[in-house]
Amino acid sequence: MLFSILACVFGGTMRNREFIIYEDYDSLSKAVALRMAEFVRTNPQSLLCLAAGETPLGALRALVALQSENKVDLRTCWYVGLDEWLGLGYGDPGSCAQIMQDIFYGPAGIPSDHLSVFDGLDEDTDFQTKKAFDFIKARGGISLALLGIGMNGHLGFNEPGTTVDFPGGTIDLDETTRTVGKKYFAKPFPLDKGITIGLKHLLAAKRILLMANGEKKAGIVETCMRESPDPSRPASFLQDHPGFELYLDKGAASRLLDRNQE
Ligand code: GLP
């Protein structure tokens, strides 16, 4: 019953691609959870790369609920965390590690050896980067990436200026990322640097699900989906990916819809 009604409004097109728009964040999240559950059922040993941030949390909670209803077993898959703020670890509320452990990896019961996340407290960032790359390589690459989009068009911490051959590692954070990032934290942290899986690994994934919700994302979604792919807007590189799926609520889709109706 929980998933019986997906309040799908209508679809649209952008550069020969279709996208489906959901009425609100709740229906968007449930649709993404169902899509991921379907993927996990057919690819039970696959490697998933999951973004933290606010956007995917509803989908991840819904996915855990599906497991508790015995509709999917998430524990057979493997998981690599997308990114982390340098200087922050699990003990810091708002860190990617804390959010993902408390919302998803913990409640889903993911075995620790099926999981690789960046430790933002480790000063040996080369080790952290190599650990993630080795984990991805051992699994034959990322099968599915669930991503959000930053207000500047970033994916993970692939900031504006990042090219498609960037495998990942540490990065100086863009002004927008540092400003917007304050929303995750109750107390101020210096948000200068991040560590991330790079575009090279993400774009090699078989499936990439990009979620966005709310009118605040409408402008950057339109830019990244309509303008030609360019490092100044990293999410624009998704346009040409054969396994790209775009999931939006009405707010985030509003500018794409306006253009479609012109
Ligand atoms: C954050 C993270 C990304 C996230 C994006 C959108 O800074 N680095 O992994 O997907 O920006 O975040 P949100 O979903 O909170 O809007």
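Counting starts at 1 for both ligands and their atoms, following the listed order. From a predicted model like this one, the values you see are computed outputs, not experimental measurements. The residues of the chain are indexed from 1 along the displayed sequence.
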Exercise. Judging by distance only, is a nitrogen or oxygen of Trp85 under 3.5 angstrom from one on ligand 1?
Worked result: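 Min N/O separation from ligand 1 is not below 3.5 Å for Trp85.
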Problem set entry | Full working for salt bridge (charged side-chain N to carboxylate O under 4.0 Å, His left out) between Glu38 and Arg41 | CA-CA 5 Å; Glu38 175 201 29; Arg41 281 193 296 267; over 6 Å; no
Atoms in ligand 1 flagged as close to [X], the criterion being non-hydrogen separation under 4.0 Å:
| X | result |
| --- | --- |
| Lys183 | 13 (P), 15 (O), 16 (O) |
| Leu82 | 9 (O) |
| Gly148 | 10 (O) |
| Gly53 | 14 (O), 15 (O) |
| Ile149 | 6 (C) |
| Asp83 | 2 (C), 3 (C), 8 (N), 9 (O) |
| Tyr184 | 1 (C), 7 (O), 11 (O), 12 (O), 13 (P), 15 (O) |
| Phe157 | 7 (O), 8 (N) |

Exercise. Counting N and O atoms only, with roles assigned by atom type, does the side chain of Ser254 sit under 3.5 Å from a partner on the main chain of Ala218, one being a donor and the other an acceptor?
Worked result: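 Checking the backbone N and O of Ala218 against the side chain of Ser254, no donor-acceptor pair under 3.5 Å is found.
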Exercise. If only atom types and distance count, is the side chain of Lys30 paired as donor or acceptor with the main-chain N or O of Gly58 below 3.5 Å?
Worked result: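 Absent.
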Exercise. Which word best sums up how the rings of Tyr247 and Tyr22 line up, parallel for under 30°, tilted for 30 to 60°, or perpendicular for over 60°?
Worked result: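 It falls in the parallel class, under 30°.
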For this session: Anything under 30° is parallel, anything over 60° is perpendicular, the rest tilted; go ahead and classify His201 against Phe133.
Result: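 Geometry flag for Phe133 against His201: tilted rings.
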Could a heavy atom of [X] be found less than 4.0 Å from some atom of ligand 1?
| X | value |
| --- | --- |
| Met151 | no |
| Gly156 | yes |
| Leu147 | no |
| Met211 | no |

What protein heavy atom sits nearest [atom], and how far off is it?
| atom | value |
| --- | --- |
| atom 16 (O) of ligand 1 | Lys217 NZ, 2.7 Å |
| atom 11 (O) of ligand 1 | His154 NE2, 2.8 Å |
| atom 14 (O) of ligand 1 | Thr55 OG1, 2.4 Å |

For this session: Looking only at non-hydrogen atoms, find the nearest pair between Ile149 and Lys217 and report the distance.
Result: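 Minimum heavy-atom separation between Ile149 and Lys217: O-NZ, 2.9 Å.
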Exercise. Counting only heavy atoms not in Lys183, do more than 12 fall under 6.0 Å of its NZ?
Worked result: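 Counting neighbours around NZ of Lys183, more than 12 heavy atoms of other residues, nucleotides or ligands fall under 6.0 Å, so yes.
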Exercise. Only one of Leu88, Ile197, Thr125 forms a side chain to side chain contact (heavy atoms under 4.5 Å, CB included) with Phe118, so which one is it?
Worked result: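 So, applying the side chain to side chain contact (heavy atoms under 4.5 Å, CB included) to Phe118 and each of Leu88, Ile197, Thr125, only Ile197 qualifies.
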Exercise. Between Lys130 and Asp126, is there a salt bridge with N-O shorter than 4.0 Å?
Worked result: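 Between Lys130 and Asp126 there is no salt bridge, as every charged N stays at least 4.0 Å from the carboxylate O atoms.
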Exercise. In Å and rounded to the nearest 0.5 Å, what is the CG to OG1 distance from Asn158 to Thr163?
Worked result: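 Spacing of CG (Asn158) from OG1 (Thr163) equals 9.0 Å.
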